[in-house]
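Report on one structure; see the data block that follows.
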Amino acid sequence: MEEIGHLPPGFRFDPTDEELVVHFLQRRAYSLPCYPNIIPDLPLSDFDPLELMNNGNKALVSYNKWYFYSQMTSRGGTDDGVITKNGFWKEVGVVEDISTDAAARKKVGSKKYLVFFYVGHDGELSPGGIRSNWALEVYQLCNQFQTRRGRKQPDVNQWVLCRAQEVNNSGSDHLYPEGLSSTDEACLSIDDDSEEITFPH
């Protein structure tokens, strides 16, 4: 039986945004078989970023990026982020549409960016949070993404695909095989003083 979250020796996982949405997330949302079945299900609110790396390598890791599915429920969620044990993921207000490469450019999903803030146990480090270098890309299917005729339509917003990574803000980080995109740079160069950060309730 294939072990979820691990790649065979010699293989690297480096999908495009479209592939993540169409081949992986769509199939997970509709409970369709997916090969290779290598991306695990993890509750985002249960793990701080370092735990994604150290907790038995539960998330799929490739090119120092951690991939996993998560369910968007009220547990640990806020209007603009997700609370964990020692901090919170905060949305930065950047959203990209994900479209097919075909001439029609059909929209199939979206991607938003979050940054992790540490607060420590019971806010011992900082009630407002200390911004880390951890960034999270959250992929979501669009509501218009339909399934096959005759198959029950699930709630496509229930499942998301997450890609976490620790990024060097200088923009020269080798974790990106092809360098940072302009959106990545915009996301990760946000001035911490540009807005008041408060712990989500």
Side-chain angles (χ1 to χ4, degrees), residues 1-44 47 49 52-53 57-72 82 89 91-92 94-115 134-149 151-167 171 173-188:
M1 180 177 178
E2 185 177 19
E3 187 175 6
I4 297 179
H6 291 75
L7 291 171
F11 281 79
R12 297 292 182 270
F13 188 70
D14 190 24
T16 64
D17 288 346
E18 179 190 350
E19 289 167 342
L20 285 174
V21 170
V22 176
H23 185 75
F24 291 96
L25 180 56
Q26 180 204 5
R27 290 179 174 275
R28 182 66 189 90
Y30 291 113
S31 300
L32 297 172
C34 179
Y35 183 82
N37 183 24
I38 53 176
I39 301 180
D41 300 343
L42 294 176
L44 179 58
F47 299 98
L52 290 174
M53 299 173 56
N57 292 324
K58 288 185 176 181
L60 168 65
V61 57
S62 185
Y63 287 115
N64 290 315
K65 301 177 183 180
W66 284 262
Y67 297 82
F68 56 96
Y69 299 114
S70 193
Q71 288 183 288
M72 299 299 289
V82 176
W89 292 99
E91 293 186 21
V92 300
V94 178
V95 180
E96 289 183 9
D97 289 341
I98 307 299
S99 303
T100 62
D101 287 333
R105 299 294 296 172
K106 178 183 178 182
K107 179 181 176 181
V108 293
S110 62
K111 176 174 67 170
K112 60 184 177 181
Y113 294 81
L114 293 82
V115 173
W134 281 93
L136 184 72
E137 296 165 277
V138 177
Y139 294 84
Q140 192 167 24
L141 294 172
C142 65
N143 292 327
Q144 293 76 25
F145 204 110
Q146 299 297 318
T147 186
R148 297 175 183 175
R149 180 179 300 177
R151 185 180 293 273
K152 183 179 179 180
Q153 176 81 8
D155 180 3
V156 297
N157 292 319
Q158 179 182 9
W159 285 98
V160 296
L161 193 157
C162 301
R163 177 166 64 187
Q165 55 195 308
E166 189 174 19
V167 180
D173 200 308
H174 67 282
L175 303 187
Y176 293 85
E178 298 179 0
L180 289 168
S181 71
S182 58
T183 306
D184 292 329
E185 290 178 339
C187 167
L188 297 170

Would you compute the distance between atom CG of Asp17 and atom CD of Glu137 and round it to the nearest 0.5 angstrom?
7.0 Å

Taking Lys106's backbone N and O only, do any of them form a donor-acceptor pair with Thr100's side chain (distance below 3.5 Å, no angle check)?
yes

Of the options Trp66, Tyr67, Tyr69, which is the one that meets Leu60 in a side-chain contact (heavy atoms from CB on, under 4.5 Å)?
Tyr67

Starting from the C-alpha separation in whole Å, work towards a yes-or-no answer on side-chain contact (heavy atoms from CB on, under 4.5 Å) for Asn37 and Arg27.
CA-CA 10 Å; Asn37 183 24; Arg27 290 179 174 275; over 6 Å; no

Heavy-atom side-chain proximity of Tyr113 to Glu91 below 4.5 angstrom
no

Could you tell me whether a side-chain N or O of Ser70 sits under 3.5 Å from a main-chain N or O of Leu42, the two making a donor and an acceptor?
yes

Provide the closest heavy-atom pair for Phe24 versus Phe13 in the form atom of the first, atom of the second, distance.
CZ-CE1, 3.4 Å

Between Leu141 and Ala29, the two heavy atoms sitting closest are CD1-CB, 3.7 Å

Looking only at heavy atoms, what is the nearest atom pair of Val138 and Leu136, with distance?
CG2-CD2, 3.7 Å

Here the pair of heavy atoms bringing Tyr139 nearest to Leu25 is O-CD2, 3.4 Å

Might you point out which heavy atoms bring Cys142 and Lys107 nearest each other, and give the distance in Å?
SG-O, 3.4 Å

With distance as the sole test, does His23 use its side chain to make a donor-acceptor pair with the main-chain N or O of Glu18 at under 3.5 Å?
no

Atom pair SG/CD of Cys162 and Gln140 - distance to nearest 0.5 Å:
10.0 Å

